[in-house]
Amino acid sequence: MTTCPGGPAADYAASGEALFGTTAAEYARYRPGVPYAAVRLLAATLHGVPAPVLLDLGTGTAQVPCALLSVVPRLAHVDLVDVNQGMLARAMAELKALGSCTASAYAGEAHTFTQRAPGRCPDLITCCRAFHWMDRAAVLEMADRVAAPHATVAIMGDGSLWTHDAEWTGALRELIQTCLGPGRRAGTRGTYATPGRSYEDDLATSPFSELREHRFPVARAWTPETVVGYLRSTSFAQPDLFADQHEAFEAEARQLLDVHAKDGVLREESVFTVLLARRPGSSS
């Protein structure tokens with residue numbers, strides 16, 4: 001595995017750590033993975049490509065590349081992009097452990113990504129649970145510059161426990177708001193602003209306007225402890241937001257979750273949505 005120098009890391013690391021802190025290990029441990037059916041869908045976009053190249057934007061701890069490698073072992077190279085250096089280091093380590101492809105890490109905002117090797121154009125560009133943080137129009141313009149002619153752009157996600165509608169998540173959200181205020185926090189940067197238009201509209205006005213939506217029902221079983229671990233990895237409840245009250249918040253959150261759990265389990269019923277977008281006329 002080889003590592004290429006990233007972008008202007010000093011300019012962007014603070015932005016990434018402001019959103020998600022430096023707890024890459026907890027992010028890797030507690031964040032839900034990509035559903036297997038969605039991974040199979042991504043793999044199908046690479047059918048007939050002998051040595052595929054993947055560009056993963058907002059990679060976090062490389063959940064998408066690692067899942068895809070299990071289905072597409074011929075994956076030749078992965079470009080990992082993230083603003084958080086701690087996440088990138090963990091992502092590179094996760095891929096190195098698999099040892100079946102080369103990888104490069106780029107520390108910077110997604111739309112600033114540039115190819116490091118002439119001719120190594122991505123056949124698949126993925127962005128999982130991160131597109132809302134990005135300059136979406138600029139990202140899609142960048143994708144058009146770097147992607148192979150037949151490439152697919154995959155924008156995917158399933159919301160978060162903040163947006164999930166259940167009795168226990170509602171109670172948990174109220175507790176967080178009691179501590180941090182009514183607005184959803186965006187790490188230490190301020191309050192989160194909902195995107196002004198849908199991802200579908202973003203794609204429809206981009207070079208990748210040929211769009212198909214795929215929806216996969218997902219059922220998850222959480223425990224109070226895994227929920228608390230998950231919260232540490234989020235932008236809306238990371239430890240830094242609570243300062244010296246974080247321990248007290250976690251104790252109250254565990255107590256609340258224990259009350260709502262049935263036989264120690266908290267159920268989440270969600271839908272994982274994948275938007276597959278291509279340039280018009282490029283579909284096989």
Side-chain angles (χ1 to χ4, degrees), residues 4-20 42 45 53-60 62-65 77-85 87-88 91 103-157 159-160 184 186-213 235 273-282:
C4 296
D11 294 338
Y12 296 113
S15 174
E17 291 176 6
L19 280 174
F20 296 106
L42 297 177
T45 70
V53 174
L54 170 67
L55 171 58
D56 190 36
L57 307 175
T59 191
Q63 285 188 332
V64 172
H77 183 82
V78 178
D79 282 306
L80 304 167
V81 179
D82 207 285
V83 293
N84 187 304
Q85 291 189 87
M87 297 289 189
L88 277 176
S104 301
Y106 182 90
E109 294 185 274
H111 69 275
T112 69
F113 172 78
T114 55
Q115 290 163 301
R116 295 295 177 175
R120 193 171 67 199
C121 300
D123 304 288
L124 175 62
I125 299 176
T126 52
C127 185
C128 184
R129 302 184 180 117
F131 201 45
H132 55 292
W133 296 119
M134 300 176 183
D135 183 337
R136 299 188 301 281
V139 166
L140 294 170
E141 290 172 2
M142 175 278 294
D144 189 41
R145 290 194 300 271
V146 305
H150 57 270
T152 300
V153 172
I155 309 299
M156 51 195 159
S160 68
R184 174 180 169 179
T188 56
R189 299 196 318 186
T191 303
Y192 175 72
T194 303
R197 65 177 189 171
S198 69
Y199 296 166
E200 290 87 345
D201 287 342
D202 290 331
L203 290 163
T205 56
S206 81
F208 299 89
S209 58
E210 186 177 288
L211 177 65
R212 291 185 180 178
E213 179 184 81
S235 62
T273 301
V274 182
L275 300 175
L276 293 185
R278 297 180 175 88
R279 301 180 181 97
S282 66

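Annotation: the span from Leu57 atom CG to Ile155 atom CD1 amounts to 7.5 Å, rounded to 0.5 Å. One distance of note links CG of Leu275 with CZ of Arg212; it measures 13.0 Å at 0.5 Å rounding. A distance of 5.5 Å separates CG in Leu203 from CG in Leu211, rounded to the nearest 0.5 Å. The CD atom of Gln85 lies 7.5 Å from the CG atom of Leu88; values are rounded to the nearest 0.5 Å.
Side-chain atoms of Cys121 and Val53, non-hydrogen and from C-beta on, never get closer than 4.5 Å to each other. Put simply, the side chain of Val64 reaches to within 4.5 Å of the side chain of Leu42, judged on heavy atoms. The closest side-chain heavy-atom distance from Thr194 to Arg184 is not below 4.5 Å. Inter-residue side-chain proximity for Tyr199 and Thr273 is flagged as unmet; no heavy-atom pair is nearer than 4.5 Å. Between Gln63 and Cys128, every side-chain heavy-atom pair lies at or beyond the 4.5 Å cut-off. Side chains of Leu140 and Phe131 form a contact here, defined as non-hydrogen atoms less than 4.5 Å apart.
For Arg278 against Ala151, the heavy-atom pair with the smallest separation is CG-O, 3.9 Å. Nearest heavy atoms, Pro280 versus Ser209: CG-OG, 3.3 Å. Taking all atoms of both residues into account, the shortest heavy-atom contact from Gly196 to Arg136 is N-NH2, 4.3 Å. For Arg279 against Pro149, the heavy-atom pair with the smallest separation is NH1-O, 3.2 Å. In terms of heavy atoms, Cys127 sits closest to Asp56 at N-OD1, 4.4 Å. Annotation for Ala147 and Phe208: closest pair CB-CZ, 4.3 Å, computed over non-hydrogen atoms.
When atom types are taken as modelled, the side chain of Tyr106 and the backbone of Arg116 share no donor-acceptor pair closer than 3.5 angstrom.
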- Task: Could you please spell out the steps behind the side chain to side chain contact (heavy atoms under 4.5 Å, CB included) verdict for Leu55 and Met142?
- Result: CA-CA 12 Å; Leu55 171 58; Met142 175 278 294; 4.3 Å; yes

- Task: Evaluate the side chain to side chain contact (heavy atoms under 4.5 Å, CB included) criterion for residues Asp135 and Glu109: first the C-alpha distance (whole Å), next the side-chain angles of each, then the deciding distance (0.1 Å), finally the verdict.
- Result: CA-CA 9 Å; Asp135 183 337; Glu109 294 185 274; over 6 Å; no

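Remark: Asp123 pairs with His150 by the side chain to side chain donor-acceptor pair (under 3.5 Å) rule, at least two apart or across chains. Looking at residues two or more places apart in sequence or on another chain, you find a side chain to side chain donor-acceptor pair (under 3.5 Å) between Asp79 and His77. Taking Ala91 as the reference, Thr59, Ala62, Leu80 meet the side-chain contact (heavy atoms from CB on, under 4.5 Å) condition, with sequence neighbours excluded.
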